[in-house]
Amino acid sequence: MKRREFLTSSMSAALLAAIAPTFFSTPALAAETVKLGVMIPQSGPAGLFGPSCKNCTEMAVEEINKSGGILGKQVEVFYADAGGSPSDALKNAVRLYKGEKVDAFIGMHDSAVRGALTNLFKGEVPYIYTPIYEGGECAEGTYVLGETPAQQLAPVIPWLAKNNKVSKWYLIGNDYNWPRDSNAAAKEYIKAAGGEVVGEEYLPFSADNFDSSLAKIKASGADAVLITLVGGASVSFNRAFANFGLDKQALRLGTLIEENTLAGIGAENAARLYSSSGYFQNINSAKAAAFAERYYEKFGSDAPALNALGESCYDGVYLFKALANEAKGVAAEKIASASEGASFSSPRGNMTLTRGHVDKDIYLAEAVDGRFRVVETFENVPSGSTCS
C-alpha cells in the first residue's frame, strides 16, 4: 500500500459526485455548531481499535459541550469509516468535507489513508492525525499527536539491549509504509546499540498463516522480534509465536500492541512480550486514573479497553479546541498561524504542539497476567520532527 497509490488528478471531481452517505453523525446540538469530522476504522484490519476510538471521542465532545463548547458553540460530530483502502476513506472524507462542510478533521487510521487525506485537504481544513506513525509528516494544516519511531524505539531498543541482553533482531510487519519506515529507523537504533538485524519481512494484511515466518525466526537465531503487524494479524502472529515455543528463544517488542490486542493474544501467549507507547490505561498518574474512572463509569465495565489509539482521539478533540481558542476561530489559515505552542491537558499529561508534533513521556510495558505493567518511563522524549 503506497501513500498516494489511489490518487489521481481527476479523483476529487469524481468523488464530489458521490452523494450516498456512508457515515453517521450525532444529532445537531445547536443552530450553529462547530462540525468535527472523525475518521476512525470501523472495518478492516484496524477495526479492532474503532469502538474505543468512538467512545473516547464521545467523552471529549460531551465534556467540551458541557463546559460551553468551542468558541461558545456546541460541537457536532460526524463519523466516517477509515478502515478500508485509501480510496474508500477518501470518498467518505469528501462527503464530510464537501457535503457536511465540517470545520476540521480528526483521523485515527493508517498512514496510507493519511497521505490520501493530506492530498485532498491541501491545508484548507485543519487535520489532526492522532495515532502512532512513521514520522516525517509536515503537510500544511496537519497536526500530529502520535508517537514516532524516535520516541517509541530510540530509547527502548538500547534499554532492552542493556537490561535483557538482546542483540539479534528480526523485524516483521505488514507491507505498507508505517512498518517499512519504522523499521528503517529501527535498524539505526539497533546498530547504535551494538546489535544486528538477522531477518526482515513484510506480509499482506490478509496473511493468516505464519508458519513460514516462525520457521525463519527460529532459524535466524533472533533473540528479539520487533512487531509492526496491525490488529488481527498481530493477534494471530503472537498466538502462533507462543504456540511455536519461540517465546523461549526471543522477546517481542510491539509498537502497536495495546490493551485490546493483548486481550486477543491472551495472557498464556504473552510471555516476554513488551509494548512501547505514550499511554497505557494503568499508567501511574492522577490524570490517567481519573480519565479511566470516567470512561468505565460512562461506558460500563465491559467497554472496549482503554488504549493509546482510543485515547489519542480524546486528545485530538482537545487539541482542536486548544487550536481554535489560540486562533480565535476555526479557519485553517488562522489555526496554522496560531498552532505553534498550543497546549492542552491530557490523561497523558500536559501536551504542547511543537513543529506540528508533540514531545511526550514514553512507557515501556511488559505483559504480565494479561495486563501491561510499565517497567520503564522515558520522560519528555522528542518527536524528532524536522518540520519548520
Which donor-acceptor pairs under 3.5 Å do the side chains of residues 359-366 make with protein atoms, sequence neighbours left out?
unit_1: D359; atom_1: OD1; unit_2: S383; atom_2: N; d: 2.9
unit_1: K360; atom_1: NZ; unit_2: L145; atom_2: O; d: 2.4
unit_1: D361; atom_1: OD1; unit_2: N380; atom_2: N; d: 2.7

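- A donor-acceptor pair under 3.5 Å is absent between the side-chain atoms of D175 and the main chain of P204, judged by distance alone.
- A distance-only check finds a donor-acceptor pair linking the side chain of S67 to the backbone of I64 [under 3.5 Å].
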Practice problem: Evaluate side chain to side chain contact (heavy atoms under 4.5 Å, CB included) for V75 paired with V317, printing each intermediate quantity in order. | Solution: CA-CA 10 Å; V75 180; V317 180; 5.5 Å; no
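- R355 places a side-chain N or O within donor-acceptor distance of the main-chain N or O of S385, the cut-off being under 3.5 Å.
- In this structure, Q152 contributes its side chain and L256 its backbone to no donor-acceptor pair below 3.5 Å.
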Exercise. Any chance you could lay out the side chain to side chain contact (heavy atoms under 4.5 Å, CB included) test for I190 and L226, step after step, and finish with the verdict?
Key: CA-CA 11 Å; I190 290 168; L226 176 59; 5.6 Å; no
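- Separating the CD atom in E297 from the CE atom in M59 is a distance of 9.5 Å, to the nearest 0.5 Å.
- For the atom pair L251 CG and D223 CG, the distance stands at 7.0 Å (nearest 0.5 Å).
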Exercise. Dump the intermediate steps for ring pair (Phe, Tyr, Trp, His ring centres under 6.0 Å) on Y176 and F205, then the final yes or no.
Key: CA-CA 9 Å; Y176 73 111; F205 285 113; 5.3 Å; yes
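- One hydrophobic cluster, built from ILVMFWY side chains closer than 4.5 Å, holds both V381 and Y274.
- No side-chain heavy atom of Y314 sits less than 4.5 Å from a side-chain heavy atom of S52.
- V38 and I70 fall within a single hydrophobic cluster, where Ile, Leu, Val, Met, Phe, Trp and Tyr are joined by side-chain heavy atoms under 4.5 Å apart, directly or via other members.
- When hydrophobic clusters are built by joining Ile, Leu, Val, Met, Phe, Trp and Tyr residues whose side-chain heavy atoms come closer than 4.5 Å, directly or via intermediates, F241 is grouped together with I227.
- For the pair E63 and K321, the salt-bridge criterion is not met [side-chain N within less than 4.0 Å of a carboxylate O].
- Proximity of a side-chain donor or acceptor of N174 to a complementary backbone N or O of V230 within less than 3.5 Å is detected.
- A donor atom on one side chain and an acceptor atom on the other are not found under 3.5 Å apart for D315 and Y279.
- Between the CG atom in L229 and the OH atom in Y202 there is a gap of 11.0 Å [rounded to 0.5 Å].
- T142 contributes atom OG1, which lies 10.5 Å from atom OH of Y129 (distance to the nearest 0.5 angstrom).
- In terms of hydrophobic clustering, with Ile, Leu, Val, Met, Phe, Trp and Tyr side chains grouped at heavy-atom distances under 4.5 Å, F291 and M108 are assigned to a common cluster.
- The pair E62-K298 meets the salt-bridge criterion, with a side-chain N (NZ, NE, NH1 or NH2) lying under 4.0 Å from an Asp/Glu carboxylate O.
- In this structure, the side chains of K98 and L120 stay at 4.5 Å or more apart for every pair of heavy atoms.
- Note on F378 and V358: separate hydrophobic clusters, where clusters join Ile, Leu, Val, Met, Phe, Trp and Tyr whose side-chain heavy atoms are under 4.5 Å apart, directly or indirectly.
- When side chains are defined from C-beta on, S234 counts as touching I257, because their heavy atoms get closer than 4.5 Å.
- Of the possible donor and acceptor atoms, none in the side chain of S182 sits under 3.5 Å from a partner among the backbone N and O of P179.
- Taking 4.5 Å as the limit, some side-chain heavy atom of K35 sits within range of a side-chain heavy atom of T33.
- Checked by atom type and distance alone, the side chain of E259 pairs as donor or acceptor with a backbone atom of Q281 at under 3.5 Å.
- In this structure, a donor-acceptor pair under 3.5 Å is absent between the side chains of R239 and S236.
- The side chain to side chain contact (heavy atoms under 4.5 Å, CB included) test applied to F244 returns L214, K218, L246, not counting sequence neighbours.
- Expressed to the nearest 0.5 Å, how far CD1 of I172 lies from CD of E200 amounts to 10.5 Å.
- In this structure, the separation between NZ on K101 and CG on L96 is 12.0 Å, given to the nearest 0.5 Å.
- Counting only N and O atoms by type, the side chains of R252 and N238 include a donor and acceptor under 3.5 Å apart.
- The ring of F372 has its center closer than 6.0 angstrom to the ring center of F280.
- Within the 3.5 Å criterion, the main-chain N or O of E333 finds a donor-acceptor partner in the side chain of S337.
- With a 4.5 Å cut-off on side-chain heavy atoms, F49 and I40 do not count as touching.
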Exercise. Tell me, with the steps shown, if E340 and T354 meet side chain to side chain contact (heavy atoms under 4.5 Å, CB included).
Key: CA-CA 6 Å; E340 186 68 13; T354 305; 3.6 Å; yes
Exercise. Show your reasoning for whether side chain to side chain contact (heavy atoms under 4.5 Å, CB included) applies to Y79 and E58.
Key: CA-CA 11 Å; Y79 295 94; E58 287 187 0; 3.2 Å; yes
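- Of the possible donor and acceptor atoms, one in the side chain of E258 sits under 3.5 Å from a partner among the backbone N and O of T261.
- Side-chain contact check for N92 and R95: at least one donor-acceptor pair (N or O, by modelled atom type) lies under 3.5 Å.
- Counting only distance, with no hydrogens or angles, the side chain of N65 and the backbone of Q74 share no donor-acceptor pair below 3.5 Å.
- Two residues are said to be in side-chain contact when any heavy atoms from C-beta on lie closer than 4.5 Å; C56 and L306 meet this criterion.
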Practice problem: Start with the C-alpha gap between F344 and Y318, add the side-chain angles, then the distance that decides, and say whether ring pair (Phe, Tyr, Trp, His ring centres under 6.0 Å) holds. | Solution: CA-CA 7 Å; F344 66 99; Y318 272 96; 7.1 Å; no
